[in-house]
Number of protein chains: 2
Amino acid sequence: MADGKAGGGRPTIYDVAREAGVSPSTVSRALSNPGRVNAVTAERVAEVAARLGYRANALARALPSGRTDTLALFVSDITNPHFFGVIRGAEHQARAAGCTLIVGDTQESPEVEARNIERLGPSVDGFVIAASRMSDEEIVKLAAGHRLTLISRQSGDVPSVIVDHAEGTRQIVEHLASLGHRSIVFLAGPPRSWVGARRWESLAAAAERHGISARRIGPFPPTMAGGAAAADAALGTGATAAVAHNDLLAIGVLRRCAERNVSVPGELSVVGYDDIFGADFCSPPLTTLAGKYEESGRTAVDMLLAMRDRDGTRPPRRRVVLPSHLAIRRSTGPAPR
Amino acid sequence: MADGKAGGGRPTIYDVAREAGVSPSTVSRALSNPGRVNAVTAERVAEVAARLGYRANALARALPSGRTDTLALFVSDITNPHFFGVIRGAEHQARAAGCTLIVGDTQESPEVEARNIERLGPSVDGFVIAASRMSDEEIVKLAAGHRLTLISRQSGDVPSVIVDHAEGTRQIVEHLASLGHRSIVFLAGPPRSWVGARRWESLAAAAERHGISARRIGPFPPTMAGGAAAADAALGTGATAAVAHNDLLAIGVLRRCAERNVSVPGELSVVGYDDIFGADFCSPPLTTLAGKYEESGRTAVDMLLAMRDRDGTRPPRRRVVLPSHLAIRRSTGPAPR
DNA sequence: GTGAAAGCGCTAACAC
DNA sequence: GTGTTAGCGCTTTCAC
């Protein structure tokens with residue numbers, strides 16, 4: 001704060017140039033492209049810059065170059081611990097590449113996603129959208145005008161990284177089948193969730209192969225609060241096992257069951273997705289499909305950077321699929337008879 | 001992605017100006033200061049802008065004006081669920097004010113904090129630093145050159161918002177005393193944590209008033225992993241109650257106790273700070289000092305915006321202290337005899 | 001290898 | 001009211 005504008009009094013390349021007895025353009029070169037300048041000149045410029053405490057103005061640099069060294073990450077709900085890992089991974093990788101990361105919450109809204117992208121367009125080098133709620137058409141359209149990578153979503157040939165759902169969900173069903181369950185209920189999350197749709201598809205397919213009945217109920221808000229309604233509805237179906245859209249919902253189910261004195265897994269087995277913070281210490285600890293979400297954040301940023309750095313050229317990898325594994329804990333057990 | 005630079009082909013005010021038959025400056029005015037322009041001109045400009053899909057380039061706008069409509073929030077560890085609330089509150093308030101929020105992880109490092117501020121300086125309208133690890137001198141120095149507000153930290157007359165610790169900690173001690181505990185151990189967190197120091201001070205003072213013995217051990221990393229060592233050390237002291245630096249550490253202690261078959265609260269009562277996600281469903285659910293951290297995020301952003309908007313003038317409030325309250329759950333119980 | 005000059009897209013005096 | 005003219009601080013041809 002202090003007085004007046006924030007950048008006040010900051011030395012510019014002109015100050016450095018005058019002090020070093022060279023032209024501003026030489027300072028610019030010396031600082032960002034030391035190779036293209038006489039070694040001793042470069043040295044002197046660097047020395048003067050350091051002495052004056054010169055720091056490049058990222059804004060001014062970005063305007064002519066079009067390069068901001070800033071990346072944006074949007075998540076559908078910043079409240080969901082699931083995204084911690086994603087954010088952390090992205091933040092880490094962005095910083096490693098010398099970039100600043102902007103994190104935004106799109107609040108489950110495709111409109112907010114689109115608006116943010118339009119608004120931030122020139123201010124960032126690209127976007128990572130996690131769990132986008134936009135339609136495929138919207139995504140493909142935006143991807144034509146902006147660098148874009150997707151997490152937990154596949155759409156056209158937009159570069160994406162997801163965690164395996166098919167094989168993982170098959171493992172869930174097998175696990176449940178081996179415990180004697182014959183009737184599973186899937187607790188659906190947001191209607192626009194791409195992973196939600198995939199999870200249900202995989203579940204239905206796997207259940208069919210095992211001759212197990214599977215039905216879907218919902219949608220429920222993918223929150224702990226949503227878990228109460230989901231639990232009540234699940235209990236009403238007579239199913240012996242519930243597979244929730246995600247861990248937040250699953251933990252909500254656990255709480256509701258405890259309130260209603262329904263034994264888990266005695267009367268109902270519960271499975272979640274994501275293995276979020278808390279899944280291993282809730283009670284009972286939750287059986288859940290774990291994925292490397294931190295890595296998904298890192299990978300999505302990597303792909304974005306690759307797109308930027310070899311512009312025009314296609315990035316090396318598109319459609320990355322990370323492995324998942326079933327973390328079996330105490331919320332699943334033998335089916336009641 | 002597509003072809004070439006990200007901003008490519010975006011219409012500028014020049015395009016709008018030509019199409020609307022006015023000068024660029026009129027477009028600029030019409031769009032950002034409609035009052036200072038003829039009503040029908042303004043209307044026409046707006047119409048053309050909409051038709052062309054014109055969107056202001058935030059970067060270009062920020063350079064001459066010095067105003068970026070972007071705020072930065074730094075947290076000491078983006079992994080700690082405690083900051084979810086802070087981030088959410090800040091993000092919400094920033095968006096409500098039409099600002100973009102940059103979220104950064106400073107990894108418990110005062111150097112990273114300082115460097116980020118220097119680097120981002122001209123690119124943002126101000127900084128919110130949560131749980132700063134910098135020294136008072138550094139903070140005050142930086143606050144002279146940048147707009148800055150603090151969360152969970154007080155330093156000089158830099159605007160800050162904290163959650164009450166004195167009264168809250170007194171309540172913890174009273175709660176413990178009423179359960180018959182006569183010996184408390186405080187599990188310290190990061191040495192540079194300002195709140196950590198305040199919590200221990202308050203605890204020691206309150207314990208003394210109650211004639212209870214209190215000692216401090218540590219420091220421990222403020223993570224669940226750190227809780228294992230903390231639990232072992234705490235158990236070695238013979239204290240009947242442990243007050244942890246924060247909930248992450250406290251939940252780690254709970255887990256370690258479970259592993260070692262130490263009954264909580266039968267043999268050891270455990271108290272945390274922050275009431276993070278998970279504190280109410282770990283086992284046993286954690287007694288903890290809850291605070292309105294989401295509100296702290298909102299308030300810090302508000303103060304920052306106030307500083308920016310009435311520049312030079314002092315902001316209305318400095319040193320906000322939000323109330324805390326003790327959430328008593330099952331991790332505390334009568335002292336063993 | 002280095003300097004001069006022309007912008008990047010926008011805002012903000014300053015004239016008219 | 002509206003247009004003209006300078007920049008904001010930097011990068012980047014283009015000459016020399």
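Both backbone and side-chain heavy atoms feed into the values below; hydrogens, waters and symmetry mates do not. Letters go in sequence order (proteins before strands), and every chain restarts at 1.
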[X] side chain near [N] phosphate (N/O to OP1/OP2, under 4.0 Å):
X     : N     : result
B:T12 : C:dG9 : no
A:T41 : C:dT2 : yes
A:T26 : C:dG3 : yes
B:R61 : C:dG9 : no
B:Y14 : C:dG7 : no

Can you measure [X] atom [atom1] to [N] atom [atom2] for me and round it to whole angstrom units?
X     : N      : atom1 : atom2 : result
A:R55 : D:dC10 : CZ    : C1'   : 16 Å
B:R18 : D:dT2  : CZ    : P     : 19 Å
B:L63 : C:dC8  : CG    : P     : 13 Å
A:E43 : C:dT2  : CD    : P     : 13 Å
A:R67 : D:dT11 : CZ    : C1'   : 13 Å
A:I13 : C:dA4  : CD1   : P     : 13 Å
A:L59 : D:dG7  : CG    : C1'   : 15 Å
A:R36 : D:dC14 : CZ    : P     : 13 Å

So if I take every side-chain heavy atom of [X] and compare against [options], which nucleotide ends up nearest?
X     : options               : result
B:N38 : D:dG3, D:dT2, D:dC8   : D:dT2
B:R29 : C:dG9, C:dA13, D:dC10 : C:dA13
B:Y54 : D:dT11, C:dG9, C:dC10 : C:dC10
B:N57 : C:dG9, C:dT11, D:dC10 : C:dG9
A:V22 : C:dG3, C:dG9, D:dG9   : C:dG3

Answer yes or no: is there a donor N or O on one side and an acceptor on the other, between the side chain of A:T68 and the main chain of A:S123, under 3.5 Å?
-> yes
Can you check whether B:R36's main-chain N or O pairs, donor with acceptor, with B:N33's side chain at less than 3.5 Å?
-> no
Look at A:R55 together with B:E118 and state whether they make a salt bridge at an N to O cut-off of under 4.0 Å.
-> no
Which part of the nucleic acid does [X] contact within heavy-atom distance under 4.0 Å: base, sugar-phosphate only, or nothing?
X     : value
A:A62 : nothing
A:S28 : base
B:S25 : base

Quick one: do the [X] and [Y] side chains pair a donor with an acceptor below 3.5 Å?
X     : Y      : answer
A:S23 : A:T26  : yes
B:Q93 : B:D302 : yes
A:R88 : B:T79  : yes

